Amino acid sequence: FSQDIFLSDTQKWIPRKIGLFNIKIAFDYLKYDSSFWITLKLALGNSIIQVISSAIVAYGFARFEFPGKKFWFTCVIITIIVPAQTYLMSQYVQFRYFDFFGVLAPFGASVNLLSTVWTFWLPSIFGVGLKSGLFIYIMRQFFLGMPKDLEEAATIDGCGPVRTFAQIMMPNALTSCLTVFLF
């Protein structure tokens, strides 16, 4: 207890009483139970959102043709190279004075999103999280390796692109989803 906190110069590393009471004190002082659930909500939610958004973007890059596809995918690849420190300050300011689509600007107001889970979830939702470029690349490579015959068969059976993605491609992509989830 207190005699273990203020030790003499000769006794710094060996406690006078050995027991698990110090762990209980630390557990209570740090509010470990509430901190654990907050961390779990933040990490699990962010990981699930990141997998979903990366899979949607990667499927679009792998299977659909649209103008500027190579340019936009090059931009995604460049985000792998750019370190997070280069845009961290601008992202801080953006979340401090958050105004979605300029709705609150005429009123001179903004929303402070700092110290909320939204600072992690919003970039993940829109596919611009810390390592989203890498995750999109991993998922895209998987979808490129899938045979197009699966999609053609789904189209013949009456599936549209969304249903094909949800019911055919995503169940087959569980290994790459697990990789992205763990990263």
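We use all heavy atoms of the structure for the numbers below, so side chains are in, but hydrogens, waters and symmetry mates are not. Just so it is clear, the model here is predicted, and its values are computed rather than measured.
For Phe183, the CZ atom counts as loosely surrounded, since its 6.0 Å shell holds 12 or fewer non-hydrogen atoms of other residues, nucleotides or ligands. In Phe98, the CZ atom is crowded: over 12 heavy atoms of neighbouring residues, nucleotides or ligands sit closer than 6.0 Å. For OH of Tyr137, the number of neighbouring non-hydrogen atoms (other residues, nucleotides, ligands) closer than 6.0 Å is 12 at most.
Here the CE-CD1 distance, from Met170 to Ile56, works out to 8.0 Å after rounding to the nearest 0.5 Å. Tyr92 contributes atom OH, which lies 12.0 Å from atom CG of Leu113 (distance to the nearest 0.5 angstrom). Here the straight-line distance linking atom CG of Leu44 with atom CD1 of Ile49 works out to 10.0 Å at 0.5 Å rounding. The distance from atom OG1 of Thr86 to atom CD of Gln91, rounded to the nearest 0.5 Å, is 10.0 Å. Atoms CD1 and NZ, on Ile138 and Lys131 in that order, are 11.0 Å from each other to the nearest 0.5 Å. Rounding to the nearest 0.5 Å gives a distance of 5.0 Å between CZ of Phe142 and OG of Ser176.
In this structure, the side chains of Phe181 and Ser47 come closer than 4.5 Å at one or more pairs of heavy atoms. Side chains of Ile136 and Ser54 form a contact here, defined as non-hydrogen atoms less than 4.5 Å apart. Looking at Leu40 and Trp37, their side chains come closer than 4.5 Å, going by heavy atoms from C-beta outward. Side-chain contact between Asn172 and Leu150 is present, with at least one heavy-atom pair separated by less than 4.5 Å. Counting only heavy atoms from C-beta outward, the side chains of Leu104 and Val111 approach each other to under 4.5 Å.
When the ring-ring contact (aromatic ring centres under 6.0 Å, His included) test is applied to Phe61, the partners found at least two apart in sequence or on another chain are Phe66, Phe73. Not counting sequence neighbours, the partners of Lys69 by the side chain to side chain donor-acceptor pair (under 3.5 Å) test are Glu65. Shown here are the salt bridge (charged side-chain N to carboxylate O under 4.0 Å, His left out) partners of Arg63, two or more places apart in sequence or in another chain: Glu151. Residues satisfying the salt bridge (charged side-chain N to carboxylate O under 4.0 Å, His left out) test with Asp28, not counting sequence neighbours, are Lys24. With sequence neighbours excluded, the residues forming a ring-ring contact (aromatic ring centres under 6.0 Å, His included) with Phe27 are Tyr32, listed by chain and number.
A side chain to side chain donor-acceptor pair (under 3.5 Å) check over residues 114-124, counting only residues at least two apart or in different chains, returns the pairs Asn46-Ser124, Gln50-Ser124.
Smallest separation of non-hydrogen atoms from Phe64 and Pro161: CZ-CB, 3.8 Å. A pairwise comparison of heavy atoms in Ala58 and Phe143 identifies C-CD1, 4.0 Å as the closest pair.
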